[in-house]
J.: 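The structure that follows is given in the form of C-alpha cells.
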Amino acid sequence: MNALTIRKIGVAGIGDLLSSTKSVGWEIFPEDVKMMIDDPHSGAFVAFSGDRVAGTGCFSGNDDGSTVFISLITAKEEFRRQGIATEMMKTIFVANPHAKTFRLFASDMGKPLYEKLGFTARRRVGFIAGTVEGANRLGDASQVKKCDHLEPWMLAWDEKYVAPKRRELLEFAVQRENSLIFALPDQAGFAFGRKFDRGVDVSLVEAATLQNALDLVSAFSATASPQDAVAISVAEYQTEFQDRLASCGFKAAHIVTDMIRGEEPPAPRAEYFALYSYIG
C-alpha cells in the first residue's frame, strides 16, 4: 500500500467520502455530509492511499466540544486490515483536544478495534424495523401534532433529562431534508425522525411514559406509504418498549454496541427514549 494520508474534506471532497461509504453498503446523503462539514463542531475525513480513496471517518460534537460522536469509519475492501480505521480514529482524537467523551456505535466486527483504542461497551442497541400497519397499532396518534421546528420546551427537556450541551446538535439534526418533528399536548413528549424513499427512521423519542412514546412512534406511520418500513433504535434495557414493538410485528434489523472512551456522560433521566442515530 502507498503511504496513507488523511485529509479533512470540504464540500469538494464529498464525492470521495461517499465512494467509500457506498462501497460498504451505507446509503449516505450528500446534504448530510455537507451539513456536517459546515457545522463548526463537526468534521469529515477521507483517507487516501496515493491518489485512491481508502477510507473515511466523521465526527459530530456537542456545543462545547466535550462530547464527540464518531461515525462513518470505513475502509474499502481492498484496503482493509491495513490500519486505516486506527489511523482515522487517532486523527479524530487529535482534532478534538478538549473532548472528555468519545462515543460511537460499533459493529461486532469493529468492536475489538475500538476496545484496543480505549473504548468500553455501554449497552447493545437494536435498530428495529416494522411495517406502517404495525406502527399504527402501537398507540393513538390522534393527539400528536406535527411541528415545523424544535420548540424551546423540547430543547429544555433534552437538556434536563437526557444530555447537556447538545442544543446545536439537535438543531443540526432537524435541519436535514425530509425531517419530521412530532409533539404531544402538555409537553408530554416529542420525537423526530426522517422520511426516506423506502420508509421512516424514528431517530429520537423523549416522553414521560411508555404509552406517550408509543403514541409518538405511531404518528410517523401517517407520513409513510403502506408498503414502507418504520425503523427505530432501542437500547437493550428498554425491554418493555421492545416487547410492545415486537407485539406489533417489529423485528431487530441490525444490532450494534454503544461504546465510550473517556468520561461517562450523565445517565439519561427520561423514562423512555431512543438515542438518535443520524450520525452513526
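One-based numbering along the sequence shown. This one's a predicted model, so the numbers in the text were calculated from it and none came from an experiment. What's counted below: heavy atoms across the whole structure, side chains too, no hydrogens, waters or symmetry copies.
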J.: Holding to salt bridge (charged side-chain N to carboxylate O under 4.0 Å, His left out), I want the full list of residues that pass it with Lys195, two or more places apart in sequence or in another chain.
T.: Asp228
J.: Where is the tightest heavy-atom contact between Ser233 and Val125, given as atom of each residue plus distance?
T.: CB-CG1, 4.1 Å
J.: How far apart are the C-alpha atoms of Leu138 and Phe250, what are their side-chain angles, what is the distance that settles it, and do they pass the side chain to side chain contact (heavy atoms under 4.5 Å, CB included) test?
T.: CA-CA 10 Å; Leu138 285 172; Phe250 281 71; 3.9 Å; yes
J.: For Gly57 and Ile73, work out which heavy atoms get closest and say how close.
T.: CA-CD1, 3.7 Å
J.: As a test of understanding, state which of Val11, Asp16, Leu17 forms a side chain to side chain contact (heavy atoms under 4.5 Å, CB included) with Ile14.
T.: Val11
J.: Might you point out which heavy atoms bring Ala135 and Ser218 nearest each other, and give the distance in Å?
T.: O-OG, 3.0 Å
J.: Would you mind telling me which of Asp201, Thr223, Asp32, Asn178 makes a side-chain hydrogen bond (donor to acceptor under 3.5 Å, both in side chains) with Arg194?
T.: Asp32
J.: Would you call Glu133 and Arg137 a salt bridge, using N to O less than 4.0 angstrom?
T.: yes
J.: Same hydrophobic cluster for Leu204 and Phe29, using side-chain heavy-atom links shorter than 4.5 Å among ILVMFWY?
T.: no
J.: Any pair with a residue in residues 89-98 that passes side-chain hydrogen bond (donor to acceptor under 3.5 Å, both in side chains), sequence neighbours left out, goes on the list, sorted by first then second residue, please.
T.: none
J.: In terms of side-chain heavy atoms, does Thr74 have a donor or acceptor partner in Thr56 at a distance below 3.5 Å?
T.: yes
J.: Are Leu18 and Trp26 connected in the hydrophobic side-chain network, where two residues link if heavy atoms are under 4.5 Å apart?
T.: yes
J.: Transitively linked via ILVMFWY side-chain contacts under 4.5 Å: Leu150 with Trp153?
T.: yes
J.: Walk me through it: do Thr257 and Arg124 pass the test side chain to side chain donor-acceptor pair (under 3.5 Å)?
T.: CA-CA 4 Å; Thr257 302; Arg124 300 280 278 174; 2.8 Å; yes
J.: State whether Tyr114 and Arg261 meet the cation-pi test: NZ (Lys) or CZ (Arg) under 6.0 Å from the six-membered ring centroid, and within 45° of the perpendicular axis.
T.: no
J.: How close do Ala47 and Ile6 get, counting heavy atoms only, and between which atoms?
T.: CB-CG1, 4.0 Å
J.: Closer than 4.0 angstrom, basic N to acidic O: yes or no for Asp258 and Arg123?
T.: yes
J.: Are more than 12 heavy atoms, taken from residues, nucleotides or ligands other than Gln227, located less than 6.0 Å from that residue's CD atom?
T.: yes
J.: Please tell me whether Phe93 and Phe102 form a close aromatic pair, meaning their ring centres lie under 6.0 Å apart.
T.: yes
J.: Grouping I, L, V, M, F, W and Y whenever their side-chain heavy atoms are under 4.5 Å apart, do Leu113 and Val68 come out in a common cluster?
T.: yes
J.: What residues form a salt bridge (charged side-chain N to carboxylate O under 4.0 Å, His left out) with Arg198, not counting sequence neighbours?
T.: Glu27
J.: Check Ala54 against Leu4 and note the closest heavy-atom contact, atom names and distance.
T.: CB-CD1, 4.5 Å
J.: Is it true that atom CG of Asp243 has more than 12 heavy atoms of other residues, nucleotides or ligands lying nearer than 6.0 Å?
T.: yes
